[in-house]
Amino acid sequence: MPSAESKTNTTTGGVQSLERAFDLLERMADAGGEVGLSELSTSSGLPLPTIHRLMRTLVACGYVRQQPNRRYALGPRLIRLGESSSRLLGTWARPYLARLVEETGETANMALLDGDEVVYVAQVPSRHSMRMFTEVGRRVLPHTTGVGKALLADTPPEEVRALLARTGMPAATEKTITTPDGFLDALRQVHEHGYAVDDNEQEMGVRCLAVAVPDSPAPAAISISGPAGRVTDEATERIVPILKEVAAELSGALASTGSA
């Protein structure tokens, strides 16, 4: 009969393997979704036999797949997990968006970067009769939105240019930024000021203020949007500190969600 000590060692080993497996998945995601074993060994510090054993298990479960070139790629079973997690992320964010509406009076949104697109995952509408409405699940191109600028502000310029080359930069309005250099200038302003602005760029007559959610498990941003006549420069000075405060609180809540 196994001793209490051997049971403890088995449990500890199982937890360690689980932690290592998730760490490898995150490293694969950071590397663009496809890596070789030697790259994982270098970045993680784990020996190749350990990585090979963990990857075999992940492949068998469908969370990783081995490519014809022998490299490993994130597997299709992760898609369902990601979609469910994104929906829950919006649910967890709603109380914080409600606070934004309460303190700013304008519609509050949360958006994620999904591939080359921005997807809205949560919204709490303003109580004003004239208010902005964005359907949850709607996808837009990053260059047309405040949340897109906030989400891409820390992305290396060469990666931003590559994304813009893939999506193109069609104009949603006459004020939409339609050149890579113009968009990179806008991202530099996000760094300088600490928030992003969509000034009639997605829809005429609408202004949006957005900030990234720091240390979010997936790139996320929150924003408020309203008529340009209400979201003025004067209102911006009042609203931006509230946005940053709520983003920091949401970040803390997401970090602690599910902790034992």
| remark: Residues passing the salt bridge (Lys or Arg N to Asp or Glu O under 4.0 Å) test with K175, sequence neighbours excluded, are D199

| said: Going by side chain to side chain donor-acceptor pair (under 3.5 Å), name the residues that satisfy it together with D185, two or more places apart in sequence or in a different chain. | reply: R188

Side chains of residues 51-64: which donor-acceptor pairs under 3.5 Å do they make with residues two or more places apart or in other chains?
{"unit_1": "H52", "atom_1": "ND1", "unit_2": "R56", "atom_2": "NH1", "d": "3.0"}
{"unit_1": "T57", "atom_1": "OG1", "unit_2": "R53", "atom_2": "O", "d": "3.3"}

| query | Closest heavy-atom contact between P170 and T144? | reply | O-CG2, 4.2 Å

| task | Take N109 and V147 through the side chain to side chain contact (heavy atoms under 4.5 Å, CB included) test and state the conclusion after the steps. | result | CA-CA 9 Å; N109 300 286; V147 286; 5.6 Å; no

| query | Who passes side-chain contact (heavy atoms from CB on, under 4.5 Å) against P214, sequence neighbours left out? | reply | A247, S251

| query | How far does CD of E102 sit from CD1 of I242, to the nearest 0.5 angstrom? | reply | 10.5 Å

| Can you check side chain to side chain contact (heavy atoms under 4.5 Å, CB included) on T236 and L209, steps first, answer last? | CA-CA 8 Å; T236 296; L209 307 173; 3.7 Å; yes

| message | Please report the interatomic distance CG(L141) to CG(L164), rounded to the nearest 0.5 Å. | response | 9.5 Å

| said: Any salt bridge linking E39 with R27? Criterion: basic side-chain nitrogen under 4.0 Å from a carboxylate oxygen. | reply: no

| Can L243 be reached from V101 by stepping across I, L, V, M, F, W or Y side chains whose heavy atoms are under 4.5 Å apart? | yes

| field | Joint cluster assignment, V35 & F22, ILVMFWY side-chain distance < 4.5 Å | value | yes

| said: Would you say V190 ends up clustered with V246 if hydrophobic residues are merged whenever their side chains have heavy atoms under 4.5 Å apart, either directly or through other cluster members? | reply: no

| If every non-hydrogen atom of V211 is compared with every non-hydrogen atom of Y195, which pair is closest and at what distance? | CG1-CB, 3.8 Å

| request: Evaluate the criterion salt bridge (charged side-chain N to carboxylate O under 4.0 Å, His left out) for residue pair E106 and R127; output intermediate values, then yes/no. | output: CA-CA 8 Å; E106 304 299 343; R127 292 188 295 274; over 6 Å; no

| request: Drop me the distance from T232's OG1 to R207's CZ, to the nearest 0.5 angstrom. | output: 7.5 Å

| Is the side chain of D116 donor-acceptor paired with the backbone N or O of L163 at a distance under 3.5 Å, no angle test? | no

| Can we say E201 and K149 salt-bridge, meaning some charged N sits less than 4.0 Å from an Asp/Glu carboxylate O? | yes

| request: Please lay out, stage by stage, how Y72 and L37 fare under the test side chain to side chain contact (heavy atoms under 4.5 Å, CB included). | output: CA-CA 8 Å; Y72 290 85; L37 291 184; 3.6 Å; yes

| query | Got a second to check how far R71's CZ is from L40's CG, nearest 0.5 Å? | reply | 9.0 Å

| field | Set of residues satisfying side-chain contact (heavy atoms from CB on, under 4.5 Å) with respect to A162, sequence neighbours excluded | value | R166

| query | Do other residues, nucleotides or ligands put more than 12 heavy atoms under 6.0 Å from the CD atom of E174? | reply | no

| request: List for me each residue that meets side chain to side chain donor-acceptor pair (under 3.5 Å) alongside E245, sequence neighbours excluded, and say none if there are none. | output: R99

| task | To the nearest 0.5 Å, tell me how far T173 OG1 sits from M204 CE. | result | 5.5 Å

| query | Heavy atoms, side chains only, cut-off 4.5 Å: are I239 and E103 in contact? | reply | no

| request: List in chain and number order the residues that pass salt bridge (Lys or Arg N to Asp or Glu O under 4.0 Å) with R70, two or more places apart in sequence or in another chain; answer none if no residue qualifies. | output: none

| request: State whether the side chain of S41 and the backbone N or O of L46 hold a donor-acceptor pair below 3.5 Å, judged by distance alone. | output: yes

| request: For the pair H143 (side chain) and T167 (backbone), establish whether a donor and an acceptor sit closer than 3.5 Å, ignoring hydrogens and angles. | output: no

| field | Any L151 side-chain heavy atom under 4.5 Å of P142 side chain | value | no

| Any I224 side-chain heavy atom under 4.5 Å of V231 side chain | yes

| request: Before giving the answer on side chain to side chain contact (heavy atoms under 4.5 Å, CB included), spell out for Q123 and T107 the whole-Å C-alpha distance, their side-chain angles and the decisive distance to 0.1 Å. | output: CA-CA 7 Å; Q123 180 181 86; T107 295; 3.7 Å; yes

| query | Are any side-chain N or O atoms of S126 and backbone N or O atoms of G105, one a donor and one an acceptor, separated by less than 3.5 Å? | reply | yes

| request: Can you sort out the partners of V119 under side-chain contact (heavy atoms from CB on, under 4.5 Å), two or more places apart, ordered by chain and number? | output: L112, D114, V121, R139

| task | Would you check if Y96 and E249 make a side-chain contact, meaning some heavy-atom pair closer than 4.5 Å? | result | yes

| remark: Sequence neighbours excluded, the answer for side chain to side chain donor-acceptor pair (under 3.5 Å) partners of T145 is none

| field | Side chain proximity check, Q67 to E34, heavy atoms < 4.5 angstrom | value | yes

| request: Please check if atom CZ in R65 has more than 12 non-hydrogen atoms from other residues, nucleotides or ligands closer than 6.0 Å. | output: no

| task | Answer whether the closest heavy-atom distance between the side chains of S44 and D23 falls below 4.5 Å. | result | yes

| query | Which residues pass the salt bridge (Lys or Arg N to Asp or Glu O under 4.0 Å) test with R20, sequence neighbours left out? | reply | none

| request: Applying side chain to side chain donor-acceptor pair (under 3.5 Å), name anything that partners R238, two or more places apart in sequence or on another chain. | output: none

| remark: Separation between CG (L74) and CE (M28), nearest 0.5 Å, reads 4.5 Å

| R138 and V118, any side-chain heavy atoms less than 4.5 Å apart | no

| said: Any non-hydrogen side-chain atom of Q202 less than 4.5 Å from a side-chain atom of T176? | reply: no

| remark: Residues passing the salt bridge (Lys or Arg N to Asp or Glu O under 4.0 Å) test with E26, sequence neighbours excluded, are none

